[in-house]
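Working notes for the structure below.
Proteins get letters first, then strands, A, B, ... in listed order; numbering begins at 1 in each. What's counted below: heavy atoms across the whole structure, side chains too, no hydrogens, waters or symmetry copies.
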There are 2 protein chains.
Amino acid sequence: MIPIARPFARIAERLRGVGLRPTRQRLSLGRILFAKGDRHVTAEMLHDEAQADGVRVSLATVYNTLNQFTAAGLLREVAVDTGRSYFDTNTSRHHHFYDHRGRELTDIPAEGLRVQGLPRPPEGLAIDRIDVVVRLKKA
Amino acid sequence: MIPIARPFARIAERLRGVGLRPTRQRLSLGRILFAKGDRHVTAEMLHDEAQADGVRVSLATVYNTLNQFTAAGLLREVAVDTGRSYFDTNTSRHHHFYDHRGRELTDIPAEGLRVQGLPRPPEGLAIDRIDVVVRLKKA
DNA sequence: TCAATAGTTTAGAACAGTTATAAACAAGAA
DNA sequence: TTCTTGTTTATAACTGTTCTAAACTATTGA
C-alpha cells in the first residue's frame with residue numbers, strides 16, 4: 001500500500017521514524033509545514049508563520065529544523081534564487097514554475113513532463129536528479 | 001551574418017555597444033571572461049583570477065561589472081546554488097550539469113534537448129525561459 | 001518516579017556573499 | 001585643457017545562514 005499524504009497524521013511518528021525527537025518545536029513546525037498540502041517556504045516565512053500562530057520558536061531552530069527535515073527526506077530544497085533557500089514539502093519527483101517578481105513557486109507535476117535528449121554525464125558522474133525551472137514573466 | 005564568438009574581438013566596441021564606457025577595469029575583466037570560450041564564474045573566482053593576472057580591481061567593481069554585463073546581456077546568471085551566484089559567458093539558450101561537490105557547471109547544448117508536456121503557465125504570466133539543471137552525483 | 005545523559009533549543013555572535021556610500025578618479029565632450 | 005558625468009574604490013552595511021556555549025528537555029533505566 002502506497003503511503004498517502006495524511007495532513008494530520010502522526011507527525012511524531014514520522015519524526016521518530018527518521019531519528020528525530022518529537023520536540024514541541026519540531027511538532028509545531030511540522031504541523032505548519034505538512035498540514036496545508038504542498039508548500040514552498042523560506043526560513044523567514046516559516047518563522048513568521050510560527051510566531052503568528054503563537055508558536056514560540058527561534059530562527060536558529062527554524063533553520064536547524066528545515067535542514068534536519070531536508071536531510072531526513074521530509075523536505076526538499078529548491079534552488080531558484082541565489083541568496084534565499086526555498087524548502088518544498090513535496091518531496092516526490094516534480095518541477096517548478098518560478099515567478100521571480102512575486103518570488104513564488106508553483107509545482108509542475110512530473111507526470112506528463114518529459115526531458116529528452118540529455119547527453120551522457122561527465123565521466124565518473126551519474127545523474128542525481130533533474131530540476132526543471134520554468135521562469136515566468138508578465139504575460 | 002550571424003555574429004560568431006571572437007575571443008579577442010573588440011571588447012571595447014562591445015562595451016560601447018551596450019552603453020558601458022570601456023574602462024581599464026571593464027576591459028580587463030571582459031578579456032578574462034571572454035577570451036577563453038564558455039566559462040562559469042563567481043565574483044570571487046573572477047576577482048582572484050584578475051589579481052593573479054596582475055589586474056588591480058576591487059571586489060566591488062567585480063560585482064558591479066558582473067551585474068552590468070548581465071543586465072546588458074553579455075552574461076547570464078545561473079541559479080544552482082543558494083548563497084553563491086554563477087555567471088555564464090554563454091548567453092545563448094542552453095542548460096547545465098551541476099556537480100555540487102566540485103561546485104562545477106558544464107553546459108548542455110539546447111540542440112537535441114527537448115522539454116515536452118509543460119502545463120500552461122499560471123494566469124497572467126508567460127514563460128520567460130526554461131532552465132534545466134541536471135544535478136550530478138558520484139557514479 | 002527520578003536522576004542521569006544525551007539530544008535540543010536559544011540568544012547572540014560570527015560568517016559569507018553581496019550591495020550601498022561617498023569620496024577620489026578617469027573617460028569623453030567641448 | 002577644463003568640465004561634466006560616469007566609474008572605481010575602501011569600507012560600512014546588510015541579508016541570509018551557521019556557529020557557540022549555556023540553558024533546557026525528551027528519553028532511558030534504575
Problem set entry | Value in whole Å for how far the P atom of D:dG16 lies from OH of A:Tyr86 | 10 Å
For this session: Answer yes if the side chains of B:Asp107 and B:His40 hold a donor-acceptor pair under 3.5 Å, and no otherwise.
Result: yes
Exercise. Which listed nucleotide (C:dA27, D:dA26, C:dT10) is nearest to the side chain of A:Asn64?
Worked result: C:dT10
Exercise. Under 4.0 Å between a side-chain N or O of A:Arg21 and OP1 or OP2 of C:dA6?
Worked result: no
Exercise. Would you say D:dG16 has OP1 or OP2 under 4.0 Å from some side-chain N or O of A:Ser85?
Worked result: no
Problem set entry | Any B:Asn67 side-chain nitrogen or oxygen under 4.0 Å from OP1 or OP2 of C:dT19 | yes
For this session: Select one nucleotide: of C:dG28, C:dT10, D:dT11, the one nearest the side-chain heavy atoms of A:Thr61.
Result: C:dT10
For this session: Could you state the atom-to-atom distance from CG of B:Leu27 to C1' of D:dT8 in whole Å?
Result: 14 Å
Seminar exercise, completed: B:Tyr63 has its side chain closest, among C:dA6, C:dG17, D:dT17, to C:dG17
Problem set entry | B:Leu59 CG to D:dC14 P, straight-line distance once rounded to whole Å | 19 Å
Exercise. Of A:Ser58 and B:Arg24, whose closest DNA chain C nucleotide lies nearer the 5' terminus?
Worked result: A:Ser58
For this session: Look at B:Gln68 and D:dT7 and indicate whether a side-chain polar atom (N or O) is within less than 4.0 Å of OP1 or OP2.
Result: no
Problem set entry | Side-chain N,O (A:Gln25) to OP1/OP2 (D:dT25) below 4.0 Å | no
Exercise. Hey, does the side chain of B:Thr23 come within less than 4.0 Å of D:dT8's phosphate (OP1/OP2), counting only N and O?
Worked result: yes
For this session: Measure the distance from CG on B:Leu20 to C1' on C:dA26 and round it to the nearest whole Å.
Result: 15 Å
Exercise. Taking OP1 and OP2 of C:dG28, is either one under 4.0 Å from a side-chain nitrogen or oxygen of B:Arg16?
Worked result: yes
Exercise. Given atom CG of A:Leu29 and atom P of C:dT10, what is their separation to the nearest angstrom?
Worked result: 9 Å
Exercise. Any side-chain donor-acceptor pair under 3.5 Å between A:Arg26 and A:Gln68?
Worked result: yes
Exercise. Reckon B:Arg84 touches a base, only the sugar-phosphate, or nothing at all at heavy-atom distances under 4.0 Å?
Worked result: sugar-phosphate
Problem set entry | Whole-Å gap separating P (C:dG17) and CZ (B:Phe87) | 13 Å
Exercise. Will you find, in the side chains of A:His95 and A:Asp131, an N or O donor that is under 3.5 Å from an N or O acceptor?
Worked result: no
Exercise. Does B:Arg39 make a cation-pi contact with B:Phe34 (under 6.0 Å, within 45 degrees of the axis)?
Worked result: no
Problem set entry | B:Ser85 side chain to B:Glu77 side chain, donor-acceptor N/O pair below 3.5 angstrom | yes
Exercise. Taking the side chain of B:Glu44 as its heavy atoms from C-beta onward, which of D:dT9, C:dG17, C:dG28 lies nearest to it?
Worked result: C:dG17
Problem set entry | Closest nucleotide among D:dT17, D:dT27, D:dA10 to the A:Ala43 side chain | D:dT17
Exercise. Could you state the CD-C1' distance from A:Glu77 to D:dT18, rounded to the nearest angstrom?
Worked result: 13 Å
For this session: Round to a whole Å and report the spacing from CG of A:Leu15 to P of C:dT8.
Result: 10 Å
Problem set entry | B:Ala60, nearest nucleotide to its side chain (from C:dA26, C:dT9, D:dT11) | D:dT11
Problem set entry | Hydrophobic cluster identity match, B:Leu66 and B:Tyr86, side-chain contacts under 4.5 Å | no
